[in-house]
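Since the structure comes first, as structure tokens, the remarks are kept for the end.
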Amino acid sequence: MDHFADRLRAASQSRLQRGAATEALALARELARRAQLIEEPGALPREMPDAGMFAAADQITVAVHDLALVLTDEGQVEEALELVAQAQKRAGV
């Protein structure tokens, strides 16, 4: 995840605009949703706001760290890592 975030921080504005930032925000929102569902079962998850393309790297960093704190087994960790890998591939960074 740190590698993905670092690549986003180093990406040009045009690359971020071509979809990398959108992909990162979607990942951050999914990771945050998963963390909230574990922390508050049965509650409706709140959606992470769009803080702009230059904040996308920080948003995935925060979301993945929050999720890491509440994961309970290796399967969940592997699932989260796969989500990050897929998002990075789609983002092209």
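For reference, positions follow the sequence shown, starting with 1. Computed from a prediction, not measured in an experiment: that's the story for all the values here.
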Name the atoms and distances for all side-chain donor-acceptor pairs under 3.5 Å in residues 36-44, with sequence neighbours left out.
residue: Gln36; atom: OE1; partner: Arg46; partner atom: N; Å: 2.6
residue: Gln36; atom: NE2; partner: Ala32; partner atom: O; Å: 3.4
residue: Gln36; atom: NE2; partner: Arg46; partner atom: O; Å: 3.0

Please list, chain by chain and in numerical order, all residues satisfying side-chain hydrogen bond (donor to acceptor under 3.5 Å, both in side chains) with His3, sequence neighbours excluded. Gln88
Say whether Leu25 and Val93 are linked into one hydrophobic cluster, either directly or through other cluster members, by side-chain heavy-atom distances under 4.5 angstrom. no
Answer yes if Val62 and Phe4 sit in the same cluster of Ile, Leu, Val, Met, Phe, Trp and Tyr residues linked by side chain heavy atoms under 4.5 Å apart, and no otherwise. no
Could you work out, with side chain to side chain contact (heavy atoms under 4.5 Å, CB included) as the rule, every residue matching Ala28, not counting sequence neighbours? Met48, Gln59, Ile60, Ala63
Which residues pass the side-chain hydrogen bond (donor to acceptor under 3.5 Å, both in side chains) test with Gln76, sequence neighbours left out? Thr72
State which residues pass side-chain hydrogen bond (donor to acceptor under 3.5 Å, both in side chains) with Gln86; sequence neighbours excluded, sorted by chain then number. Glu82
Show the nearest heavy-atom pair for residues Leu8 and Ala57, with the distance to one decimal. CB-CB, 3.8 Å
Among the clusters formed by ILVMFWY side chains lying less than 4.5 Å apart, do Val70 and Val77 turn up in the same one? yes
Salt bridge (charged side-chain N to carboxylate O under 4.0 Å, His left out) pairs touching residues 57-76, sequence neighbours excluded, are Arg9-Asp58
Distance, nearest 0.5 Å, that separates CG of Leu67 from CG of Leu83: 9.0 Å
Just grab all the salt bridge (charged side-chain N to carboxylate O under 4.0 Å, His left out) pairs involving residues 12-30, residues at least two apart or on different chains. Glu23-Arg90, Arg29-Glu47, Glu30-Arg33, Glu30-Arg34
Can you give me the closest heavy-atom contact between Ala56 and Ala24, atom names plus distance? CB-CB, 3.7 Å
Going hydrophobic residue to hydrophobic residue with side-chain gaps under 4.5 angstrom, can you get from Leu31 over to Leu71? yes
